[in-house]
Amino acid sequence: MENVNLTPKDIINKNFRNKVRGYDPADVDEFLDIIIQDYEYYTKEFQRLQSENERLVAKVDELTKQLEVGGTNQISRSASASTNMDILKRLSNLERHVFGGTQLNDESQSNRF
């Protein structure tokens with residue numbers, strides 16, 4: 001973790017000098033024990049959140065790539081479907097002309113190569 005000066009181990013290993021008019025060492029130790037528990041919790045939570053964030057960033061990257069590929073495929077599928085529809089119309093008109101004896105309609109003549 002960045003910008004953290006102390007680890008739980010630093011707090012546990014800290015030794016204070018005794019003075020005649022100093023704080024009660026038992027009170028200091030009790031308070032430091034609470035701080036150590038908090039530090040341990042925050043360290044674990046930070047690591048968990050960091051892992052989750054990395055997992056989610058990777059998932060977003062994966063989905064973004066899929067979306068980009070899917071968008072390209074959608075465009076090509078749409079163009080392909082349009083081309084196929086034109087071919088089917090022309091084929092239908094040609095069949096009517098050859099087998100039905102009717103003339104090609106204006107649409108098919110304007111779509112000729």
Side-chain angles (χ1 to χ4, degrees):
M1 292 191 309
E2 295 181 31
N3 300 327
V4 175
N5 296 318
L6 299 173
T7 65
K9 201 174 231 180
D10 293 334
I11 297 169
I12 291 171
N13 294 330
K14 177 65 177 166
N15 290 317
F16 294 96
R17 294 181 295 237
N18 288 331
K19 297 269 183 164
V20 176
R21 294 184 177 226
Y23 294 106
D24 179 13
D27 284 346
V28 172
D29 285 343
E30 186 179 321
F31 184 72
L32 290 176
D33 287 343
I34 294 169
I35 293 172
I36 290 167
Q37 290 172 353
D38 286 350
Y39 260 73
E40 288 172 343
Y41 170 77
Y42 291 133
T43 300
K44 287 177 187 175
E45 184 66 8
F46 178 80
Q47 290 170 346
R48 184 189 70 77
L49 291 171
Q50 195 170 30
S51 294
E52 183 179 2
N53 186 50
E54 289 170 3
R55 180 184 64 81
L56 292 172
V57 166
K59 184 69 172 177
V60 166
D61 289 344
E62 177 186 331
L63 292 173
T64 301
K65 287 177 185 175
Q66 288 178 3
L67 183 61
E68 289 171 355
V69 170
T72 303
N73 285 342
Q74 185 66 29
I75 291 169
S76 64
R77 276 185 270 157
S78 175
S80 176
S82 176
T83 303
N84 288 342
M85 187 61 101
D86 289 340
I87 291 170
L88 289 173
K89 284 180 183 177
R90 289 177 185 168
L91 184 58
S92 175
N93 284 333
L94 183 59
E95 286 175 341
R96 272 189 280 159
H97 177 72
V98 171
F99 297 113
T102 61
Q103 289 192 335
L104 295 171
N105 66 24
D106 292 335
E107 180 185 339
S108 66
Q109 291 200 4
S110 65
N111 286 335
R112 284 195 296 177
F113 298 114

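Fair warning: this is a prediction, and the values are worked out from it, not measured in the lab.
- Under the rule for a side-chain contact (heavy atoms from CB on, under 4.5 Å), the partners of T64 that lie at least two apart in sequence or sit in another chain are V60, E68.
- Residue pairs satisfying the salt bridge (charged side-chain N to carboxylate O under 4.0 Å, His left out) criterion with at least one member in residues 43-52, sequence neighbours excluded, are listed as follows: E45-R48, R48-E52.
- Shown here are the side chain to side chain donor-acceptor pair (under 3.5 Å) partners of D38, two or more places apart in sequence or in another chain: there are none.
- The list of salt bridge (charged side-chain N to carboxylate O under 4.0 Å, His left out) pairs with a residue in residues 7-16, not counting sequence neighbours, is empty.
- In this structure, CD1 in I12 is found 11.5 Å from CG in L6, a value given to the nearest 0.5 Å.
- Evaluation of the salt bridge (Lys or Arg N to Asp or Glu O under 4.0 Å) rule for E30 yields no partner, not counting sequence neighbours.
- With sequence neighbours excluded, no residue forms a side chain to side chain donor-acceptor pair (under 3.5 Å) with S92.
- Contact between Y23 and V28 at its shortest, heavy atoms only, is CB-CG2, 3.7 Å.
- For the side-chain hydrogen bond (donor to acceptor under 3.5 Å, both in side chains) condition, the pairs that include at least one residue of residues 53-63, sequence neighbours left out, are E62-Q66.
- Legend: residues meeting side-chain contact (heavy atoms from CB on, under 4.5 Å) with E40, ordered by chain and number and at least two apart, are P8, I36.
- With sequence neighbours excluded, the residues forming a side-chain contact (heavy atoms from CB on, under 4.5 Å) with D27 are D24, listed by chain and number.
- Here CD1 of I35 is found 11.5 Å from OH of Y42. Values are rounded to the nearest 0.5 Å.
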